Amino acid sequence: MHPEPVDVENPFQSDMYGNILNIDKNVISLEEEDPIKLREFESRILSGDKIEAKDWMPSLYRKQLIRMIEQHAHSEIIGALPEGTWITRAPGFRRKLALAAKVQDEVGHAQLLYSAAETLGKSRVEMTNDLLSGKSKYSNVFNYPAKTWADVAVIGFLIDGAAIVNQLANSKGSYAPYCRALERICYEESFHLKQGHDNFVYLATGTQQQRDMLQDAVNRWWPHVLTFFGPPEKLSKNSEILMRWKVKMDSNENMRQRFISQYVPKIFEVGITLPDPNLKYNQESGLWEYTEPNWDEFFEVISGNGPCNKERLAVRWWAEDHGGWVRKAISGNIF
Ligand code: COA
């Protein structure tokens with residue numbers, strides 16, 4: 001049986017920025033915001049200024065940032081799981097060391113991101129509770145299994161590659177604590193990408209069995225990799241306001257296009273194909289054409305009904321249960 005979610009009043013609740021609020025209850029519409037402050041805020045954003053935690057911000061900006069940074073943090077921590085299961089089975093000591101270090105980095109990214117979200121007034125405990133209860137989302141792609149060692153190569157090369165495209169762009173965004181975290185994360189992600197690429201090329205240029213294993217993993221992951229960037233404009237309810245406030249520096253579709261144009265040639269270069277007969281570069285539009293991923297499946301997965309959602313959350317519940325004594329000990333609350 002799962003333990004009760006942690007008490008939000010516990011001593012870990014952060015108030016270091018003095019802005020703990022009940023985020024959901026305190027959100028007001030833009031029309032209700034002080035118009036002068038709102039105008040000043042928006043002109044700061046327009047001029048490329050960065051917003052710090054203690055600066056005035058519309059409550060919707062705060063809410064949206066918390067939602068996005070928190071989901072990102074959860075994605076890092078859950079994202080460590082599919083690859084983490086391969087540490088004990090990695091082929092050879094060098095690959096095992098590299099994978100262990102990479103997985104450890106991902107958990108460190110979550111730590112940085114939880115801290116960035118805390119600056120906006122939501123405590124780590126509340127975020128953990130919302131992940132455990134299924135209220136908060138995390139990246140859809142981590143709800144699929146890593147069936148073979150080639151899946152580790154595909155995740156390391158293509159998912160980390162996709163993450164870099166997204167995060168490099170957003171590290172130039174408006175909220176300074178998030179940008180600082182993203183800059184540091186991107187440095188580490190570029191090592192992950194090298195590790196993934198090396199693994200990918202090794203399998204692609206290996207035996208027929210290794211090539212087949214890689215091709216099979218690419219075939220299974222490709223549609224999910226495309227969904228990583230989020231749904232197209234008509235289904236992306238948050239993009240407009242997030243782009244206006246430079247939290248997201250480009251649309252989901254533009255980020256996806258950027259990824260495709262950078263990575264498809266690298267995949268083809270090593271003789272691996274992609275499972276999409278419609279994939280082609282349109283010279284006239286300058287865009288890639290591709291088969292639309294299954295967005296119904298995507299929304300099912302992010303609503304908790306993917307192949308591994310339950311398994312992923314069960315691991316977090318286990319950690320919550322078994323790590324409770326450590327949290328109590330650190331807080332001086334053990335007796
Ligand atoms: N996985 C899970 N949920 C996703 C998703 C994905 N790949 N892409 C979109 N969604 C969810 C959104 O969270 C949103 O749901 P919500 O409003 O209930 O939170 C819904 O789908 C509609 O999408 P959209 O309006 O486009 O969301 P968004 O503006 O937040 O854009 C991202 C989605 C992923 C592009 C954006 O949040 C982002 O850049 N996040 C930071 C990077 C990150 O988290 N990377 C993942 C792990 S490395």
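Predicted, not measured: the structure shown is a model, and the values here were computed from it. Whatever order the structure lists ligands and atoms in, that order sets their numbers, starting from 1.
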Review point. What part of Ile302, side chain, backbone, both or neither, has a heavy atom within less than 4.0 angstrom of ligand 1?
Key: side chain

Review point. Does Phe228 reach ligand 1 with a nitrogen or oxygen that is under 3.5 Å from one of the ligand's nitrogen or oxygen atoms?
Key: yes

Point to revise | Ring centroid separation His74 to Tyr114 under 6.0 Å | key: yes

Exercise for review: Could you tell me whether some N/O pair between Glu76 and ligand 1 is separated by less than 3.5 angstrom?
Suggested key: no

Exercise for review: Determine whether Trp149 and Leu203 make a side-chain contact, defined as any pair of heavy atoms from C-beta on separated by less than 4.5 Å.
Suggested key: yes

Practice item. Would you mind checking which non-hydrogen protein atom is closest to atom 29 (O) of ligand 1, with the distance to 0.1 Å? Key: Lys248 NZ, 2.6 Å

Revision key, fill the gap. for atom 12 (C) of ligand 1, nearest protein heavy atom and its distance come out as Arg67 NH1, 3.9 Å

**Study point:** Heavy atom of the protein closest to atom 18 (O) of ligand 1 (residue, atom name, distance)
**Key:** Lys137 NZ, 2.6 Å

Practice item. Compute both the distance and the angle, then confirm whether Arg180 meets the cation-pi test with Tyr175: under 6.0 Å from the six-membered ring centre, within 45 degrees of the axis. Key: no

Check your understanding: Could a heavy atom of His109 be found less than 4.0 Å from some atom of ligand 1?
Key -> no

Check your understanding: What are the atoms of ligand 1, with element, lying closer than 4.0 Å to any heavy atom of Asn166?
Key -> 35 (C), 38 (C), 39 (O), 42 (C)

Review point. Do you see a protein non-hydrogen atom under 4.0 Å from atom 32 (C) of ligand 1?
Key: no

Practice item. Give a yes or no on whether the ring-centroid distance for His197 and His192 is below 6.0 angstrom. Key: no

Revision key, fill the gap. min-distance protein heavy atom vs atom 48 (S) of ligand 1 -> Gln167 NE2, 3.4 Å

Revision key, fill the gap. Gly230 heavy atoms within 4.0 Å reach ligand 1 at atoms 8 (N), 9 (C)

Point to revise | Glu118 with Arg124: basic N within carboxylate O range, under 4.0 Å | key: no

Check your understanding: Considering only protein heavy atoms, which is closest to atom 41 (C) of ligand 1, and at what distance to one decimal place?
Key -> Tyr178 OH, 3.4 Å

Check your understanding: Would you call Arg95-Asp198 a salt bridge at under 4.0 Å N-O?
Key -> yes

Revision key, fill the gap. Checking heavy atoms under 4.0 Å, the part of Met255 that sits near ligand 1 is neither

Practice item. Could you list which atoms of ligand 1 come closer than 4.0 Å to a heavy atom of Leu242? Key: 29 (O)

Going by atom type alone, with no hydrogens or angles, which donor-acceptor pairs under 3.5 Å involve a side-chain atom of residues 262-273 and a protein atom two or more places apart or on another chain?
residue, atom, partner, partner atom, Å
Thr273, OG1, Gln215, OE1, 3.3
Thr273, OG1, Gln215, NE2, 3.2

Point to revise | For Ser75, the ligand 1 atoms whose distance to one of its heavy atoms is below 4.0 Å | key: 46 (C), 47 (C)

Study note, to complete from the structure: When distances are taken from atom 1 (N) of ligand 1, the protein heavy atom at minimum range is Asn140 N, 2.9 Å

**Study point:** Atom indices of ligand 1, in the order listed, that fall short of 4.0 Å to a heavy atom of Thr227
**Key:** 7 (N)

Practice item. State whether the number of non-hydrogen atoms from other residues, nucleotides or ligands found under 6.0 Å of Phe299 atom CZ is greater than 12. Key: yes

**Study point:** Lys/Arg-Asp/Glu bridge criterion (N-O < 4.0 Å) met for Lys194, Glu189
**Key:** no

**Study point:** Shortest reach to atom 40 (N) of ligand 1 by a heavy atom, considering only Met68, Gln64, Glu106, His72
**Key:** Met68

Practice item. Run down the list Glu233, Lys237, His224, Met243 and name the one with the heavy atom closest to atom 16 (P) of ligand 1. Key: Lys237

Review point. Which ligand 1 atoms does Gln71 reach within 4.0 Å, using its non-hydrogen atoms?
Key: 13 (O), 19 (O)

**Study point:** Sidechain N-carboxylate O distance under 4.0 Å for Asp55, Lys50
**Key:** no

Review point. So which protein heavy atom does atom 35 (C) of ligand 1 come closest to, and at what separation?
Key: Phe229 O, 3.6 Å

Exercise for review: Pick one of side chain, backbone, both or neither for how Phe298 approaches ligand 1, counting any non-hydrogen atom pair under 4.0 Å.
Suggested key: side chain

Practice item. Return the set of residues passing ring-ring contact (aromatic ring centres under 6.0 Å, His included) with Tyr281 (not counting sequence neighbours), or none when no residue passes. Key: Trp288

Exercise for review: Do me a favour and list the nearest non-hydrogen protein atom to atom 14 (C) of ligand 1 with residue, atom name and distance?
Suggested key: Asn238 ND2, 3.6 Å

**Study point:** Region of Ser236 engaging ligand 1 - heavy atom pairs below 4.0 Å
**Key:** both

Review point. Hey, is Asp216 close enough to Lys147 for a salt bridge, meaning N to O under 4.0 Å?
Key: no

Check your understanding: Under a 4.0 Å N-O cut-off, is there an ion pair linking Glu240 with Arg244?
Key -> no

Exercise for review: Could you label the plane-to-plane angle of the Phe298 and Trp295 rings as parallel, tilted or perpendicular, counting under 30° as parallel and over 60° as perpendicular?
Suggested key: perpendicular

Exercise for review: May I ask you to identify, for Asn170, whether its side chain, its backbone, both or neither come under 4.0 Å of ligand 1 on a heavy-atom basis?
Suggested key: side chain

**Study point:** Neighbour count above 12 (heavy atom, 6.0 Å) for Gln104 CD
**Key:** no

